[in-house]
Amino acid sequence: MTEQDVRELLADPRIFPDLPADLASDAELVIDSMALVWLLHQVKARFGVDADPEDEDLDEFTSVERITNYLNRVKA
């Protein structure tokens, strides 16, 4: 899974309406619980990655880069 894949998921304006298109990979993101559920559902549906983060894993959902790295670790 690439950062571009994650960006495409985060580009849905219904879920992430304020996400700038030129967001840096390491820029801080704030993802609420409903958006996280939607994101994880899309990851499973599109890429077959079944991510079920524990509470301590939620810190990984704070940038495009960290989300990508987390999902690639889970996928392996």
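Computed from a prediction, not measured in an experiment: that's the story for all the values here.
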Salt bridge (Lys or Arg N to Asp or Glu O under 4.0 Å) between Arg73 and Glu60: does it pass, once the steps are laid out? CA-CA 11 Å; Arg73 278 195 316 273; Glu60 299 299 317; 3.6 Å; yes

Any non-hydrogen side-chain atom of [X] less than 4.5 Å from a side-chain atom of [Y]?
| X | Y | result |
| --- | --- | --- |
| Lys44 | Val49 | no |
| Val6 | Glu65 | no |
| Leu39 | Ile15 | no |
| Pro53 | Leu40 | yes |
| Leu71 | Phe47 | no |

Between [atom1] of [X] and [atom2] of [Y], what distance do you get to the nearest 0.5 Å?
| X | Y | atom1 | atom2 | value |
| --- | --- | --- | --- | --- |
| Gln42 | Glu8 | CD | CD | 12.0 Å |
| Glu28 | Asp26 | CD | CG | 9.5 Å |
| Leu23 | Leu29 | CG | CG | 5.5 Å |
| Thr62 | Ile31 | OG1 | CD1 | 8.0 Å |

If a pair satisfies ring pair (Phe, Tyr, Trp, His ring centres under 6.0 Å) and one of its residues is in residues 55-76, list it, with sequence neighbours excluded. Phe61-Tyr70

I need the minimum non-hydrogen distance between [X] and [Y], along with the two atoms involved.
| X | Y | result |
| --- | --- | --- |
| Met1 | Lys75 | N-NZ, 3.3 Å |
| Arg7 | Ala24 | NH2-C, 3.7 Å |
| Ala27 | Ser63 | O-CB, 3.3 Å |

How about CG on Asp32, more than 12 heavy atoms from neighbouring residues, nucleotides or ligands closer than 6.0 Å, or not? yes

Measure from the side-chain N and O atoms of Asp5 to the backbone N and O of Thr2, and report whether any donor-acceptor pair falls under 3.5 Å. yes

Check for a donor-acceptor pair, side chain of Asp12 on one end and backbone N or O of Leu9 on the other, with a separation under 3.5 Å. no

Donor-acceptor side-chain pairing of Glu3 and Thr68 below 3.5 angstrom: no

